[in-house]
Amino acid sequence: MLTSKERAELRAKANPLETTLIVGKGGVTEAVIAETDNQLTARELVKGKVLEGAMMTPREVSDALCEATGADGVAVIGTKFVIYRFSEKKQEERNMTGRAKRRSVTPGKLDPVRKSQRARRHAAQAQREQRNAYFKEKAIERAIERDRERQLRNKD
């Protein structure tokens with residue numbers, strides 16, 4: 001079962017993917033299930049489309065394929081759906097190329113809301129520091145000017 005953050009990350013990864021699985025009027029057949037299984041093993045993330053002639057909705061197709069292949073449904077939008085299943089083969093490829101193993105990412109790094117809040121806080125702090133530095137510089141200049149004026153008055 002995927003968490004909402006994992007699902008959001010997978011949806012983002014699936015966005016640029018091409019549709020590689022098409023379900024026609026035959027519905028979910030053994031051939032479609034076998035092809036889905038092959039693609040999930042090779043890619044982990046599969047984007048599919050249900051043609052209008054099919055007698056099933058994209059949600060039903062996604063659920064049926066997930067149940068048959070042991071995958072998790074990521075998204076169903078319109079006639080397209082995205083499913084995910086962890087693949088040992090894909091993990092071995094990642095390990096061979098030097099990519100790190102599956103890591104748990106801290107929630108703050110995945111959460112876009114916290115990320116934007118942190119960015120706004122950082123920008124506000126930088127602005128405060130810049131403003132404080134400006135006023136400090138002006139205060140020092142003013143103090144130096146006052147000292148000069150006092151010295152001039154004391155000489156006269």
Chemist: Any side-chain heavy-atom pair from V82 and L45 closer than 4.5 angstrom?
Modeler: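 Yes, side chains in contact.
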Chemist: So, taking the atom named CD in Q130 and the one named CG in N132, what distance separates them when rounded to the nearest 0.5 Å?
Modeler: 10.5 Å
Chemist: Does E6 reach the side chain of T3, with side-chain heavy atoms less than 4.5 Å apart?
Modeler: yes
Chemist: Which pairs count as salt bridge (Lys or Arg N to Asp or Glu O under 4.0 Å) when at least one residue sits in residues 122-144, sequence neighbours excluded?
Modeler: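 The answer is K138-E141, R142-E145.
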Chemist: In this structure, are over 12 heavy atoms from other groups packed under 6.0 Å from E67 atom CD?
Modeler: no
Chemist: Sequence neighbours excluded and cut-off under 3.5 Å, please list the side-chain donor-acceptor pairs for residues 56-65, or say none.
Modeler:
{"residue": "T57", "atom": "OG1", "partner": "E60", "partner atom": "N", "Å": "3.2"}
{"residue": "E60", "atom": "OE1", "partner": "T57", "partner atom": "N", "Å": "3.1"}

Chemist: Can you give me the closest heavy-atom contact between Q91 and F86, atom names plus distance?
Modeler: OE1-CE1, 3.5 Å
Chemist: Taking distance alone, no hydrogens or angles, what donor-acceptor pairs closer than 3.5 Å link side-chain atoms of residues 19-40 to residues at least two apart or in another chain?
Modeler:
{"residue": "T20", "atom": "OG1", "partner": "Q39", "partner atom": "OE1", "Å": "2.7"}
{"residue": "T20", "atom": "OG1", "partner": "R43", "partner atom": "NH1", "Å": "3.4"}
{"residue": "T29", "atom": "OG1", "partner": "V32", "partner atom": "N", "Å": "3.4"}
{"residue": "E35", "atom": "OE2", "partner": "Q39", "partner atom": "NE2", "Å": "3.0"}
{"residue": "T36", "atom": "OG1", "partner": "V32", "partner atom": "O", "Å": "2.7"}
{"residue": "D37", "atom": "OD1", "partner": "R85", "partner atom": "NH1", "Å": "2.6"}
{"residue": "D37", "atom": "OD1", "partner": "R85", "partner atom": "NH2", "Å": "2.9"}
{"residue": "N38", "atom": "ND2", "partner": "A34", "partner atom": "O", "Å": "3.4"}
{"residue": "Q39", "atom": "NE2", "partner": "T20", "partner atom": "O", "Å": "3.2"}

Chemist: I need the minimum non-hydrogen distance between N15 and K47, along with the two atoms involved.
Modeler: O-NZ, 3.3 Å
Chemist: Is it true that K5 and E9 have a side-chain N and a carboxylate O under 4.0 angstrom from each other?
Modeler: no
Chemist: Under 6.0 Å from the CD atom of E149, do we count more than 12 heavy atoms belonging to anything else shown?
Modeler: yes
Chemist: Which value, rounded to the nearest 0.5 Å, describes the distance between Y84 atom OH and L10 atom CG?
Modeler: 6.0 Å
Chemist: Quick one: CZ on F81 to SG on C66, what's the gap to the nearest 0.5 Å?
Modeler: 8.5 Å
Chemist: With a 4.5 Å cut-off on side-chain heavy-atom distances among I, L, V, M, F, W and Y, is there a chain of contacts connecting L17 to I83?
Modeler: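 Result: no, two separate clusters.
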Chemist: What distance do K155 atom NZ and L152 atom CG have between them, rounded to the nearest 0.5 Å?
Modeler: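 If I round to the nearest 0.5 Å, the distance is 6.5 Å.
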Chemist: How far does CD of E93 sit from CD of E88, to the nearest 0.5 angstrom?
Modeler: 12.0 Å
